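What follows is a short report on a single structure.
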There are 2 protein chains.
Amino acid sequence: MSCAHSYVPQLRARGYRMTPQRLAILHVLHHSGRHLSPSEVYEQARMELPSLTETTVYRTLDFLAENGLARPAYMGSGRLVYEIARHEHHHLKCRNCGHEMEVQHDLLKTLYRQLESETGYRLTDSHVTFFGLCSDCQKGE
Amino acid sequence: MSCAHSYVPQLRARGYRMTPQRLAILHVLHHSGRHLSPSEVYEQARMELPSLTETTVYRTLDFLAENGLARPAYMGSGRLVYEIARHEHHHLKCRNCGHEMEVQHDLLKTLYRQLESETGYRLTDSHVTFFGLCSDCQKGE
DNA sequence: TTTCTTATTGCAACTTTTTGCAATAATATA
DNA sequence: TATATTATTGCAAAAAGTTGCAATAAGAAA
Ligand SMILES: [Mn+2]
Ligand SMILES: [Mn+2]
Ligand SMILES: [Zn+2]
Ligand SMILES: [Zn+2]
């Protein structure tokens with residue numbers, strides 16, 4: 001049934017527990033593959049686990065992000081969305097039509113190195129969204 | 001009194017009006033110079049204009065951002081903060097101690113050009129926050 | 001299997017942010 | 001200056017997100 005069981009060891013190793021709530025939420029994130037808002041997660045996970053509450057969804061999404069199993073993103077809606085953690089990537093979004101595309105992290109590696117050497121910081125996970133106008137929307141401006 | 005009057009022409013040109021509410025909020029943003037949360041803006045602007053409401057603060061901050069007079073930022077608190085629009089820049093923030101530093105946009109210009117030529121997008125204003133560990137916090141990890 | 005520890009959940013109350021709508025007031029025009 | 005137009009505001013209600021705390025249950029240990 002749940003592919004989400006594969007996350008158990010990662011939690012155990014840190015002293016945390018696997019629960020039906022976490023399983024259901026991980027399952028939803030894993031199969032959707034895209035960015036989901038907390039209420040979308042709630043609606044979908046509730047179908048597997050009707051007793052789930054919204055409070056738990058908020059807390060769990062935050063918990064999963066904190067522990068590297070999910071990634072939060074600000075896609076310009078003003079609200080946080082989440083996705084299952086996979087390869088490092090970023091986003092490009094059109095301010096006009098909302099079109100989104102993924103940006104491979106490779107493209108940012110040079111920048112990251114430069115930032116690190118100039119500031120002394122070590123850059124960890126980032127998941128940023130750049131904004132602009134897609135090629136279609138540039139025509140009719 | 002209010003340096004914020006200088007913003008009048010920018011609004012008029014787009015068919016918008018200047019109001020005491022906008023004046024007070026611009027004044028607060030202009031003089032603070034840093035990122036402020038909506039409630040910080042509300043508290044401070046209310047001292048100039050006691051009749052101001054929180055609803056208006058939220059709507060005005062959104063309006064100012066939409067029209068390029070203010071910039072929204074996600075600094076990792078999960079909530080949006082705003083600052084007066086000035087030179088283009090970005091941020092670097094320590095996940096451990098919260099230390100922040102500004103990143104000049106110049107450092108991202110190469111990346112922007114590369115993204116533009118690879119995707120066809122034209123990148124407009126962005127104001128991103130990168131996360132990592134500052135040099136102090138790297139020692140005690 | 002049973003017991004024990006404590007991480008996790010649900011509930012209720014609270015805070016923050018958004019929205020619809022009628023009243024208000026900025027400003028263009030007469 | 002008086003009038004008309006409509007962008008903007010405030011209010012009240014709704015939606016989204018957070019928090020404290022007691023009850024529950026995951027999983028380690030007996
Ligand atoms: Mn993503
Ligand atoms: Mn900034
Ligand atoms: Zn577009
Ligand atoms: Zn630090």
Side-chain angles (χ1 to χ4, degrees), chain A residues 2 4-5 7-28 35-46 48-67 69-70 72-82, chain B residues 2 4-5 7-28 35-46 48-67 69-70 72-82:
Chain A
S2 198
H5 275 107
Y7 295 106
V8 174
Q10 287 186 70
L11 294 186
R12 289 279 172 79
R14 293 170 172 243
Y16 300 121
R17 301 170 183 178
M18 183 53 84
T19 64
Q21 292 83 352
R22 288 178 179 171
L23 223 40
I25 290 168
L26 281 165
H27 190 242
V28 165
H35 297 143
L36 295 174
S37 68
S39 64
E40 287 173 316
V41 171
Y42 173 62
E43 287 308 332
Q44 293 183 36
R46 200 152 68 121
E48 291 183 39
L49 191 72
S51 64
L52 183 68
T53 62
E54 282 193 272
T55 300
T56 296
V57 171
Y58 283 110
R59 272 197 287 228
T60 300
L61 289 172
D62 185 59
F63 167 86
L64 294 175
E66 208 66 40
N67 289 283
L69 303 192
Y74 298 103
M75 298 300 295
S77 69
R79 301 187 130 81
L80 265 180
V81 291
Y82 293 83
Chain B
S2 196
H5 276 106
Y7 294 106
V8 174
Q10 287 186 71
L11 295 187
R12 289 280 170 78
R14 293 170 172 243
Y16 298 122
R17 301 170 183 178
M18 183 52 86
T19 64
Q21 291 84 351
R22 289 179 178 170
L23 224 40
I25 291 169
L26 280 166
H27 190 241
V28 166
H35 296 144
L36 295 174
S37 68
S39 64
E40 287 173 316
V41 171
Y42 173 63
E43 286 310 331
Q44 294 183 36
R46 201 152 67 122
E48 292 183 38
L49 190 72
S51 64
L52 184 67
T53 62
E54 282 192 276
T55 300
T56 297
V57 171
Y58 282 108
R59 272 198 287 230
T60 300
L61 290 171
D62 185 59
F63 167 86
L64 294 174
E66 207 65 40
N67 289 282
L69 304 192
Y74 299 103
M75 297 301 294
S77 68
R79 301 188 129 83
L80 265 179
V81 291
Y82 292 83

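Each chain gets a letter, A, B and so on, in the order its sequence line appears, and its residues count up from 1. Please read these numbers as outputs of a predicted model, since none were measured by experiment.
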Handout entry: Whole-Å distance separating the OH atom of A:Tyr58 from the C1' atom of C:dC11
Key = 16 Å

Problem - d(CG, B:Leu36; C1', C:dT16) in whole Å - result: 17 Å

Practice task
Establish, yes or no, whether the cationic atom of A:Arg22 lies under 6.0 Å from the six-membered ring centre of A:Tyr7 and within 45° of the ring axis.
Solution key: no

Practice task
Examine D:dG17: is either OP1 or OP2 under 4.0 Å from a nitrogen or oxygen in the side chain of A:Arg79? Give yes or no.
Solution key: yes

Exercise for the section: Can you tell me the distance, in whole Å, between the CD atom of A:Glu54 and the C1' atom of D:dA14? Expected result: 13 Å

Handout entry: Interatomic distance, A:Tyr42 OH vs D:dA15 C1' [rounded to whole Å]
Key = 14 Å

Problem - Distance (rounded to the nearest 0.5 Å) between A:Tyr42 OH and A:Thr53 OG1 - result: 7.0 Å

Practice task
Specify the separation, in whole Å, of atom CG of B:Leu64 and atom P of D:dA7.
Solution key: 17 Å

Problem - Between D:dA25 (P) and A:Leu11 (CG): distance, integer Å - result: 19 Å

Problem - Separation between CD of B:Glu43 and CD of B:Glu54, rounded to the nearest 0.5 Å - result: 7.5 Å

Completion exercise
Heavy-atom contacts, protein to nucleotides 21-30 of chain C, under 4.0 Å, summarised as B (base), S (sugar-phosphate only) or - (none) per nt, yield B---BBSS--

Completion exercise
Against the side chain of B:Thr55, the closest entry in C:dT8, D:dA12, D:dT9 is D:dA12

Completion exercise
A:Arg14 atom CZ is separated from C:dT8 atom C1', nearest whole Å, by 17 Å

Handout entry: Proximal nucleotide (of C:dT17, D:dT8, C:dT8) relative to the B:Arg22 side chain
Key = D:dT8

Fill in the blank from the handout: As a check of understanding: the bend across the helix from C:dT1-D:dA30 to C:dA30-D:dT1, end axes from five pairs, rounded to 10 degrees, works out to 30°

Practice task
Quick one: label B:Ser51 by what it contacts on the DNA or RNA (base, sugar-phosphate, nothing), any heavy atom closer than 4.0 Å.
Solution key: sugar-phosphate

Handout entry: From A:Asn67 atom CG to A:Arg14 atom CZ, the distance as rounded to the nearest 0.5 Å
Key = 4.5 Å

Completion exercise
Rounded to the nearest 0.5 angstrom, the CG-CG distance for A:Leu26 and A:Leu64 is 5.0 Å

Exercise for the section: Would you mind reading off the distance between A:Ile25 atom CD1 and C:dT9 atom C1', rounded to a whole angstrom? Expected result: 11 Å

Exercise for the section: Would you give the length of the straight line joining atom CZ of B:Phe63 to atom OG1 of B:Thr56, rounded to the nearest 0.5 angstrom? Expected result: 12.5 Å

Completion exercise
5'-most contact on DNA chain D (nearest-nucleotide basis), B:Ser77 vs B:Thr56, goes to B:Thr56

Exercise for the section: Report yes if the side chains of A:Leu23 and A:His5 come closer than 4.5 Å at any heavy-atom pair, otherwise no. Expected result: yes

Exercise for the section: For A:Ser37, enumerate each residue passing the side-chain contact (heavy atoms from CB on, under 4.5 Å) test, keeping only those at least two apart in sequence or located in another chain. Expected result: A:Ser39, A:Glu40, A:Val81

Exercise for the section: With rounding to the nearest 0.5 Å, note down the distance linking CG in A:Leu80 to CG in A:Leu36. Expected result: 13.0 Å

